[in-house]
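Just so you know, these numbers use all the heavy atoms, side chains as well, and skip hydrogens, waters and symmetry mates.
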Amino acid sequence: MYNNDLKQLNLPAIDAEMLKFWQENRIFEQSVEQRDPEKSFVFFEGPPSANGQPGIHHVMARTVKDLFCRYNTLRGFRVERKGGWDTHGLPIELQVEKELGITKEDIGKKITVDEYNSACRATVMRYKDRWDDITRKMGYWVDLDDPYITFNNEYIETCWWLLKRLYEKKTNAGDSYLYKGFTIQPYSPAAGTGLSTHELNMPGTYKDVTDTTIVAMFKVRPDERSAFLFEEADEDVRIMAWTTTPWTLPSNIALTVGPDIRYAKVKTLSPYTGSPVSLVLAQERLSAYFKAEDEGLDFENFKVGDKSLPYKVVQTCSGRDLEGVRYEQLIPLPHLITEAIEARGFRVITGDFVTTEDGTGVVHTAPYFGADDFKVCKAAGVPFIGVFNEKQPDLPFPLVDRQGRFVPEVSEWGGRYVKAEYYSKAEQEEKDFKPTDLLIALRLKEDNKAFRVEKYKHPYPHCWRTDKPVLYYPLDSWFIRASAAKERLSELNKTINWKPESTGTGRFGAWLENLQDWNLSRSRYWGVPLPIWRTEDGSEERCVGSVLELSAEVDKSVAAGLMADNPYKGGFDLHRPYIDDIILVSPGGKPMHRETDLIDVWFDSGAMPYAQWGLDYEKLKNGDEKPFRVPFNTSYPATFIAEGVDQTRGWFYTLHAIAGMCFDSVAYKNVVSNGLVLDKNGEKMSKSKGNVVNPFETIDQFGADATRWYMIANANPWDNLKFDADGILEVRNKLFGTLFNTYSFFALYANLDGWTMNESKVMPYNKRSELDRWVISKLYSLVEDYRAAMDDYEPTRAARVVENFVDEHLSNWYVRLSRRRFWRGELNADKQAAYQTLFECLTVVAQLSASLAPFFSDWLYRNLTAPIREQAKALNSPLRHESVHLTDLVQPDASKVDKDLEKRMDYAQRICSLALSIRKKEKIRVRLPLQKLLLPVLDASFIAEVDGVKDLILAEINVKDIEYVTDSSGLLKKSAKANFKTLGGKLGKDMKDAAAFIAAMSNEDISALEKSGSLAVTFNGNAYTLTPEDLLLSTEDLPGWKTASDGALTVALDVTLTPELLAEGTARDLVNRIQNLRKENDFNVTDRIAVSLERHSAIEDAVLQFGEYIKAEVLADSLEFGENFQGEKVELNDEVSLNIDVRVN
RNA sequence: AGGGCUAUAGCUCAGUUGGUUAGAGCGCUACACUGAUAAUGUAGAGGUCUCCAGUUCAAAUCUGGAUAGCCCUACCA
């Protein structure tokens, strides 16, 4: 018996049933284990962080991952899916700090590093249960029992090994791929760490902010070099420079001009004080500060606050002329002026990056707070300004500390945060709170050093975690020299199959071509420690590549008396603070301390292909190139990975960079990047908007399959998805509802007939009916299309072809037309064939939908195959498997595809559709039979083709016969249109004339061309030959007939009604009414009944002539006119109602 | 500011190498069909294929430009 218990589709219930079944029978494990390890399809799981709740977008991303893994499992590959957790990094540290109510500065003071790290360790897995739950519920198959965890020693150790490999790898110039450098980097004082470029490239980091900007006036020092700017010795000559970061002004040390830009000297008055001044700025920028009509106004009449500022251009020169001109420090900090600064600071220098698009064409230059500034100062030999540094006099300490505060040496503002956002909310809201930038502006106004102070809106980078502005700040950091590998990384990238392609070539490709070095350093506590030890003077250093190596080094250190004992003999932890206690001994016998930095967490995740397995010490000792544990050898590189498009510069990059630089290999061959999940209005989901979709609720309500199917079928995964629960509902009803009902139908009748599938006794296809062979053909066409789409990583296309088959072909044509075969008569050969055909369609559909809808498809498969499982096991036949996920995916089979048959059926469908539309127009109900259908014949094969499906057409549209109308009948009137496709190429400009000519061809002309096969024509003096293919024929209405047409196909219906036809129609109506009564009265499908009808003239003929037919249709043993009985009033048509009594015999 | 993607019916999306009348589903209206159906069929309403220009006999499709949205890149002071 086939299970037919469910009255209605209940996907969540099916989910629960299947989950239990999978778990109890280890179906996932079996699906992996039963495949050959040598035939692997390698998948990498990008580790999520379990310190946040899973969202609906995770369901999206994981559906993509899961469906390709399942598909390739069905194809016979072994698809190991090791799960993983991302456990390090700033988000976790910040969360812990927030919860403990501490800041980074408190670590090591209020709380020990040890305690702090324990708190981090406890936090990272906070929502692991929720994640495991959603993983199970959404049907994502991944190994959760043995995940890789990035904080484990083995994992960290592998990261070390990779780092050491980079450390030892040298460029052609002899530079190491891992190096320490002093650079200006994005730095987040709030987070207390530098940020990598890809952290700065996180979505949402650039925000529009409104800053106080100042156009400052730098007073030129008169000397030989600047003499050309002075008309009189005591003239007040100043250079104008604009800044959006006034807090960098105390650190100003140079002004940069464009060497080829023209500059003007303007005599004017200082707008805030009214004192006379001569200003230098780019000529092109004059109009931004001076109105043309103000030129030449009388200086005497100006009063401070006036709208019109009198001025006069007195001189121009090039940027090159200004080079070397010296000026006074804008904000005097005499205690910071060294000899070097006195000699080479406060000068005009030149730089190519200067433009005249905004500002004054002069760039205020503070080398510690701008990468360009730093570069240009170094090139020009301009020293840095800051607090004196004894150890490195040429690298003074910056005037802003690591918390983002001015150091005390910046007298007036010492101790103040340079950005308002670094103050607490309460402080910012205090009545007399003024941002430091504003205080500086006020000071400059007062001191006659500001030309203009105004608010300016511009984009500024923010820390992706703290949301506070980033500073550019001088830091010592360790870098990976990615820039040295960019050509090779680009080349390797070209071998990767990106979905969509544009992400690989555009977004990712362009990024690689412009690759910067990867800043690895993080001055934090909870992460992978940088495994580099250095002597204090930096002259000797050692990069450690494994715990084994570290332990050996510690032994040496113990021997040298630097450490008391070696902690790596027993249990240990590679994190800070313990690792910081390790002191190594240098070859020269000096103590070496670890560089205190941690590494960027993105390195952790990019290292997962290797670190998920860990180091193999045997291989390590043998000097193996890739000393990682099995199954690394069969698990690299990945065949397939998938993640959100936001990972392009994240995980996709770090995987690629590490693989390329360490092993000259790609890390993955195919990559699918999915887009964002937006709300139904296309807006980003966010907690503040309250439009976040809860994945648990969604899945509970609609089931995982409908959710998954909707997400993939609605739009390509790389397009953003406008998530709308109504769409899930539609999928549930249309696809799963239809499939469910098709199965229920099958089960109902198979159970009645006691039929079960017998794999060893299937009827050959050529013995089956046209309709059977047609749906089988469609099915195997589907198999081909589906596999092609999936092999091409096009899941949306794959889902849509399955949907289309189920709805359009299987349910609405095959089943609809086959119904009578199932419910009538005994279990003969034709009925067997119908069962077998439908069974095959359903099992194959179960397989094809298994990847995307794992629950329902398994439910379907198991129901279909349960009655024959034991038999299949004995025969070792394909249906022996307990779960669809253990089966082998059906192979494409061209011998089962019959395109001619598909074409014939297409005719049948179109003819039926046309005939029904005529009935509709003529208001002739389908139950009323008609005499004949006329079909104009278009070409030689038409009759044979339609004859093949004639019976189906007649039954479907309730017509007695088909008559073909040929040329010879004289009824046919053909018309022709030009076939632009065939003619366009050969006719070119004469196309229009030809189209007109062909449209005007008469019936005779067309027939003549068809007979002779060619027609010579001339257009505009050019001779051509027309062939029948150049014409698209159609027939015009048949005079006196009701017709309808679709393209070239025309049908005509004989709507003449005879008494006999009317009686038959009434008989069919009666059948329908009686059937409805059976249904209403909940009779069993097989119950025999007795029918009494109220005598009525409207039905007498019908009962007399078609009584036997009616009895057969409604399973009646008797059908008679009764006189007095308690029947039900039934409406036969608008005029007639009568009583009908049905009862079970 | 630059790069990429997207723009087709009220909504979600198709639309193959340019080819004549641009499609589907949902939703809406009306009718019909059904002893599997939460279905289905037929008909109707709903489109300046974002806009402009170009190439071509022919453009939703190719080219250029513009506009809008999204994503990315960017310390341009």
Fill in: Nucleotide opposite B:rA60 in a Watson-Crick or G-U pair, distances under 3.5 Å
none
Worksheet, complete the sentence: Whole-Å distance, A:Tyr1024 OH to B:rC57 C1', equals 10 Å
Item to complete: Rounded to whole angstrom, note down the P distance from B:rG23 over to B:rU63.
Response: 25 Å
Worksheet entry | Partner set under side chain to side chain contact (heavy atoms under 4.5 Å, CB included) for A:Asn4, not counting sequence neighbours | A:Ser744, A:Ala747, A:Leu748, A:Asn751
Discussion item. Can you check the distance between B:rC11 and B:rG27, where both ends of the measurement are the P atom (answer in whole Å)?
Written reply: 16 Å
Discussion item. In terms of relative ring orientation, are A:Phe839 and A:Phe746 parallel, tilted or perpendicular, with 30° and 60° separating the classes?
Written reply: tilted
Discussion item. What is the separation between atom CD on A:Glu956 and atom C1' on B:rA32, rounded to the nearest whole Å?
Written reply: 13 Å
Worksheet item: What interatomic distance, in whole Å, is found between P of B:rU6 and the corresponding atom of B:rC76?
Response: 27 Å
Worksheet item: B:rC5, B:rC71, B:rC13: which one has an atom nearest the side-chain heavy atoms of A:Asn714?
Response: B:rC13
Worksheet entry | A:Tyr743 side chain near B:rA36 phosphate (N/O to OP1/OP2, under 4.0 Å) | no
Worksheet entry | C1' gap between B:rA14 and B:rA24, integer Å | 7 Å
Worksheet item: What does nucleotides 23-30 of chain B look like as a protein-contact string, B for base, S for sugar-phosphate only, - for none, at under 4.0 angstrom between heavy atoms?
Response: --SS----
Item to complete: Applying salt bridge (Lys or Arg N to Asp or Glu O under 4.0 Å), run through A:Lys499 and A:Glu794 and close with a yes or a no.
Response: CA-CA 8 Å; A:Lys499 284 289 174 176; A:Glu794 291 276 356; 2.9 Å; yes
Worksheet item: For A:Asn1072, which contact category applies under a 4.0 Å heavy-atom criterion: base, sugar-phosphate, or nothing?
Response: sugar-phosphate
Practice prompt. Identify which nucleotide among B:rU20, B:rA36, B:rA39 has an atom closest to any side-chain atom of A:Thr738, counting heavy atoms from C-beta outward.
Written response: B:rA39
Practice prompt. Output the single nucleotide from B:rA36, B:rU73, B:rU40 whose closest atom is nearest the side chain of A:Ser811.
Written response: B:rA36
Worksheet item: Between B:rA36, B:rC75, B:rA14, which nucleotide has the shortest distance from any of its atoms to the side chain of A:Phe745?
Response: B:rA36
Discussion item. Minimum heavy-atom separation for A:Val1142 and A:Ile1074, please, with both atom names.
Written reply: CG1-CG2, 3.9 Å
Worksheet entry | Rounded distance (Å) that lies between atom C1' of B:rA77 and atom CH2 of A:Trp247 | 13 Å
Worksheet entry | Earlier contact from the 5' end, RNA chain B, for A:Leu678 and A:Asn10 | A:Asn10
Worksheet item: From B:rU40, B:rA39, B:rC70, pick the nucleotide closest to the side chain of A:Asn733?
Response: B:rA39
Practice prompt. Provide, to the nearest angstrom, the distance between the CZ atom belonging to A:Phe740 and the C1' atom belonging to B:rU37.
Written response: 10 Å
Worksheet item: Would you call the rings of A:Phe736 and A:Phe856 parallel, tilted or perpendicular if under 30° counts as parallel and over 60° as perpendicular?
Response: perpendicular
Worksheet item: Partner of B:rC31 by Watson-Crick or G-U wobble geometry, both contacts under 3.5 Å, or none?
Response: B:rG41
Discussion item. Under a 3.5 Å distance rule, please check whether A:Thr245 uses its side chain to pair with a backbone N or O of A:Trp247 as donor and acceptor.
Written reply: no
Fill in: P-based separation of B:rU42 from B:rG64 [nearest Å]
42 Å
Worksheet item: Between B:rA77, B:rC57, B:rA36, which nucleotide gets closest to the side-chain atoms of A:Val815?
Response: B:rA36
Practice prompt. Rounded to whole angstrom, note down the P distance from B:rA22 over to B:rG44.
Written response: 14 Å
Item to complete: Would you mind reading off the distance between A:Asn812 atom CG and B:rA36 atom P, rounded to a whole angstrom?
Response: 13 Å
Worksheet item: Atom CH2 of A:Trp813 and atom C1' of B:rC33: how far apart are they, to the nearest Å?
Response: 13 Å
Discussion item. Classify A:Ser744 by what it touches in the nucleic acid, base, sugar-phosphate, or nothing, heavy-atom distance under 4.0 Å.
Written reply: nothing
Response to the item:
Quick note, A:Arg800 side chain, CB onward, closest among B:rU40, B:rA14, B:rU20 is B:rA14
Worksheet item: Can you list every side chain to side chain donor-acceptor pair (under 3.5 Å) pair that touches residues 712-723 of chain A, not counting sequence neighbours?
Response: A:Asn716-A:Thr796
Discussion item. What is the separation between atom CD on A:Glu513 and atom P on B:rG4, rounded to the nearest whole Å?
Written reply: 12 Å
Discussion item. Need the pair for B:rC70. Rule: Watson-Crick or G-U wobble, both distances under 3.5 Å, any strand; none if unpaired.
Written reply: B:rG4
Response to the item:
Testing B:rC13, B:rC70, B:rU20 for proximity to the side chain of A:Asn720, the answer is B:rC70
Worksheet item: With under 30° as parallel and over 60° as perpendicular, where do the rings of A:Tyr473 and A:Phe369 fit, or are they tilted in between?
Response: tilted
Fill in: Watson-Crick/G-U partner (both atom distances under 3.5 Å) of B:rC49
none
Worksheet item: Nearest-Å distance, CD (A:Glu643) to C1' (B:rC71)?
Response: 17 Å
Discussion item. Nearest to the A:Phe980 side chain among B:rU20, B:rA77, B:rG4, which nucleotide is it?
Written reply: B:rU20
Fill in: Any-strand Watson-Crick or G-U partner of B:rU55, both distances under 3.5 Å
none
Worksheet item: How far does CZ of A:Arg797 sit from CG of A:Asp792, to the nearest 0.5 angstrom?
Response: 5.5 Å
Worksheet item: Between B:rA74, B:rC71, B:rA38, which nucleotide gets closest to the side-chain atoms of A:Leu9?
Response: B:rA38
Practice prompt. On RNA chain B, check which nucleotide each of A:Leu676 and A:Tyr749 is closest to and give me the residue with the more 5' one.
Written response: A:Tyr749
Worksheet item: For atom C1', what is the distance between B:rU21 and B:rA58, given to the nearest Å?
Response: 15 Å
Discussion item. Can you classify the ring geometry of A:Trp498 versus A:Phe508 as parallel (below 30°), tilted (30 to 60°) or perpendicular (above 60°)?
Written reply: tilted
Discussion item. Between A:Arg819 and B:rA36, is there a contact of a side-chain N or O with OP1 or OP2 at under 4.0 Å?
Written reply: yes
Fill in: Nearest-angstrom distance, C1' atom, B:rU48 to B:rC57
24 Å
